[in-house]
Structure formats: C-alpha cells, structure tokens
There are 2 protein chains.
Amino acid sequence: MKSKDEQKESTIIRATLQLIFREGLAGLKMSNIAKQASMAVGTLYIYFKNKEDLLNHLFLYFKRESMTQLAQKIDFAQPFKVNFKQLWHNYLAYAVDNPEQATLLEQLHYSPYLRPEVVAETDKLLQPIRDMLDEGKRQMLIKNTDNELLLAFLSGSINQIARRFHENDRKLSPELREQAFDMTWDAVRA
Amino acid sequence: MKSKDEQKESTIIRATLQLIFREGLAGLKMSNIAKQASMAVGTLYIYFKNKEDLLNHLFLYFKRESMTQLAQKIDFAQPFKVNFKQLWHNYLAYAVDNPEQATLLEQLHYSPYLRPEVVAETDKLLQPIRDMLDEGKRQMLIKNTDNELLLAFLSGSINQIARRFHENDRKLSPELREQAFDMTWDAVRA
DNA sequence: TTTGGAAATGAATATTTATTCACTTAACTT
DNA sequence: AAGTTAAGTGAATAAATATTCATTTCCAAA
C-alpha cells in the first residue's frame, strides 16, 4: 500500500503561511492552498480534518518553531545580560527573517478559527522567558516590573520594528539593530 | 421625501468594528453587520458600495479618529519632554480605551480588502509626530536614531501592552503606566 | 392632506468557497 | 507479478455569504 508522505503536512502548512501573508486570513481559500502546495484540494482533507483544524495546527506549529529559534545559543552558565542580549537578537532575527509569521499569528489570534485551548497552550511556551526575567530581577540587573509589562514591551517593539522595515522594504543593518538593542536595554535595566 | 440619516454611516462603521473585534475579519459577514447595527442588509448598500468599500472607509475613519485623540492637550509652547509624555499617555489611553481598534487596523492592513492608496494616505497622518521627534533630536534630548525605528519602537510597545492587558482582563493601573512610560523614556532619551 | 421620491426592507438570487466521493495511482506484501 | 490498501485527484455538490431588487415606509414640499 501507499504510505503517507510525512513531509506533506509541513508543505501544506508552509503553503498556507505564504497565502495568509500575501492575501490575509480573510482571503484564504482551500483551493488556493492546494494550488500553492501543488496538490489537489482533496489531499488537504487527508492531512487535516477541515480548514479550522488546519489553521489550529498551523498556529501551534509556528509558535513552537519560533520558540526553538529563540532558544538558540542560550547557555545558562553565561551572565544574565549576555543571555538577554542573545535572546533579544534571536527574536529580532526571527521576526526579520520570517516576516510572515508575526502577521499570521496576529491575524489568527483574533479569528473565529482558533480554539481557546490552543491559545492557552502556546502561552505556556513563554514560561522559560518569564523565569529568565525573574532571574534578572533577583540579580537587580533589570527593573522590578510586572512580567507581562516587560514581555509586552519586548515583543511589541521587536515585532513592530521588523514589520515596519519589511513593509517599507528597508534593511535592518547591524548598526540599526545595535541601536534598537541599546534602546531596549536602557528601557529595562535597573 | 425621506432624507438620508447622516449618523447611519458611523453607526454602520462602529457596528463593523465591534464584530471584527469579536470574530475577526475572517468571520465578518454583511448580515451580521446589519444585525449589529439594527438595520436591514440592503441598507448597508445604500451607504457603502460593497463590503470592500465599507472596510476601506472604516480604516480611514479610525486612523483619523486615533490621530485626533493623540493630539489632545499637545501645546507646542511646552517643553519637548512634557509634550512627549503627553503624547505617549494619549496613545496608551487610546489603545487601552479602544482595544478593538488596534486589532482591527492590524487585521485590515494585511487583507485583500484594503486599497494601497488608503494605506498610503494614513501613513501621511504620522508626519506631525515625525516632526516632533526631529525637534527632540535637535535639542539633543532623545537619541539620534532613525525615525522609523523610533516610531516602531513606540507604537509597537504601547499597542502590545494595551492588547495583552486587555486580553488577560488586567487593569493598567496609573503606577504600571508610569513604570511603562519610564521604560520608554529611558529607551529614547539621549 | 396629498403626493413624489428617496430610504429602508429582507426574501430571493448570484456568487463564492468548503467539502465530499467515485475513481485512479502508487507502493508495499506475499 | 498479482493483489491489496491507502494516498491522491478534481469535478460535483453542499454550504455559506454577498448582493440585488420589488415592495413598503417615511418624510417634506406643494
């Protein structure tokens, strides 16, 4: 018998990502996903129950992927600021290299498609970062401020910087990235 | 003869806002807009050519409204930092009091509905803020950094703070707002 | 108070889009 | 190499949704 091609699931998800980025979630059609992924519409339904199911899987898939990227080169033996800086640059690099994702996760988050339990599950992925911020506060290196405020400040500024530069076709030079990091560090340091 | 009710246009726009916020742009249906606005579907087509037209009008409408709010109590006779702080608090207050807008503008921005010329027009509305930032740099009060970077940093962090707190049903106390402003000021000051 | 005309209505229609399913193809098993 | 079974296909169908339009309601002028 013919066996399921395991790569297809991710092919479909990535094709969907491209389309949402190009045309928005509101313009997403199953027939277009099939075309973009070079397969028949029917095939989509072999891998995912329906459109809603596909979108929930996609949300989790990219949240997990982004968290993996974020954790690159983080080494808890290093001093706090070294790790903080690495994390910040990882986040920015991911947002810059994958401008589609931020847009996508944003749009999905406020759509009738996403199931609440999937949203809750992704929030748990942030725990290691919360722990890291707590450690920074314990060492009195960063301001003793609410974690949600810190997280919102960090993620909001990074995403928006990546988005605006991408939208205007501008490159974020290493110098600009350094300037942006300095702003962030000045903002959070004690 | 019966005359056109001028308020209806804004009634429709506001009803649409509510719905996009509740169900996302992807879930937006003309029939629901009509229900939310307590009128018949056909009436929508008296005030707007079609769905796309309605959404473009709505985008401009709220961009303009938010800029008006932002300019409240700004007085160019005041010192730079006073105005900067007022502007920042105006922006945060608007984002907190109108959590729907940010979500909506975000979603619309990346949709097949929005016409490019409408996007370009809204970008021009930011010019007074760019001028203000330039003035701060001239007085050597803020870092001499790219305006787009500064704007992205400011708007991204504020929007995300307002959004996350609203999403988690948490109130942003005056103390937290002060802390957030201090972070921002530390970030931008020379 | 009558009447002309635009606003408002919402069931009917047109259009778009998700999903199914009868059929074909490919890979594995014996 | 024949048989078996699941993957893959895409035209056909179902479902959802935008838009129209024949009819009714309302207002203002005559």
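Hydrogens, waters and symmetry mates play no part in the numbers below; they use all other heavy atoms, side chains included. By convention in this document, chain letters (A, B, ...) are assigned in the order of the sequence lines, proteins followed by strands, and residues within each chain are numbered from 1.
Side-chain contact between A:F153 and A:T145 is absent, with no heavy-atom pair separated by less than 4.5 Å.
Listed pair B:K8 / C:dA7 fails the phosphate criterion, with no side-chain N or O lying under 4.0 Å from OP1 or OP2.
Computed from coordinates, the A:L28 CG to C:dT16 P distance equals 17 Å when rounded to whole Å. Between the P atom of C:dT17 and the CG atom of A:L19 lies a distance of 13 Å, rounded to the nearest Å. Atom CE in B:M30 sits roughly 8 Å away from atom C1' in D:dT19 (whole-Å rounding). Between the C1' atom of D:dA15 and the NZ atom of B:K29 lies a distance of 12 Å, rounded to the nearest Å. At whole-Å resolution of the value, CD in B:Q7 and P in C:dA8 are 12 Å apart. Taking atom CG on A:D53 and atom P on C:dT19, their separation rounds to 10 Å, with Å as the unit. Look at CG on B:L44: it is 10 Å from P on D:dT19, rounded to the nearest Å. Between the P atom of D:dT19 and the NZ atom of B:K49 lies a distance of 9 Å, rounded to the nearest Å.
Between B:F181 and B:F84, the ring-plane angle classifies as tilted under the 30° and 60° cut-offs.
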Apply side chain to side chain donor-acceptor pair (under 3.5 Å) to the pair B:E135 and B:Q139, showing each step before the final yes or no. CA-CA 6 Å; B:E135 178 59 25; B:Q139 294 181 30; 2.6 Å; yes

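At a threshold of 4.0 angstrom between heavy atoms, the contacts of A:K35 with the nucleic acid are absent. No contact: B:I33 has no heavy atom under 4.0 Å from any strand. Using a 4.0 Å heavy-atom cutoff across all strands shown, A:L54 reaches no nucleic acid atom at all.
In the set C:dT17, D:dA11, D:dT19, the nucleotide with an atom closest to the side chain of A:V41 is D:dA11. Closest approach to the A:I46 side chain among D:dG8, C:dA8, D:dT19 is made by D:dG8 (side chain taken as heavy atoms from C-beta onward). Side-chain proximity of A:Y47 to D:dA18, D:dA7, C:dT17: nearest is D:dA7. Comparing C:dA8, D:dG8, C:dA18 by their closest approach to the side chain of A:T43 singles out D:dG8. Listed nucleotides C:dT9, D:dA18, D:dG10 differ in distance to B:Y45; the shortest reach to its side chain belongs to D:dA18. With C:dG10, C:dA8, D:dT9 as the choices, the nucleotide that has an atom nearest any side-chain atom of B:A40 turns out to be C:dG10.
For the side chain to side chain donor-acceptor pair (under 3.5 Å) criterion with A:Y94, the lone passing option out of A:Q72, A:H89, A:Q101, A:Q69 is A:Q101. Under the side-chain contact (heavy atoms from CB on, under 4.5 Å) rule, B:T16 has a single partner from B:T11, B:L55, B:L25, B:L44, which is B:L55.
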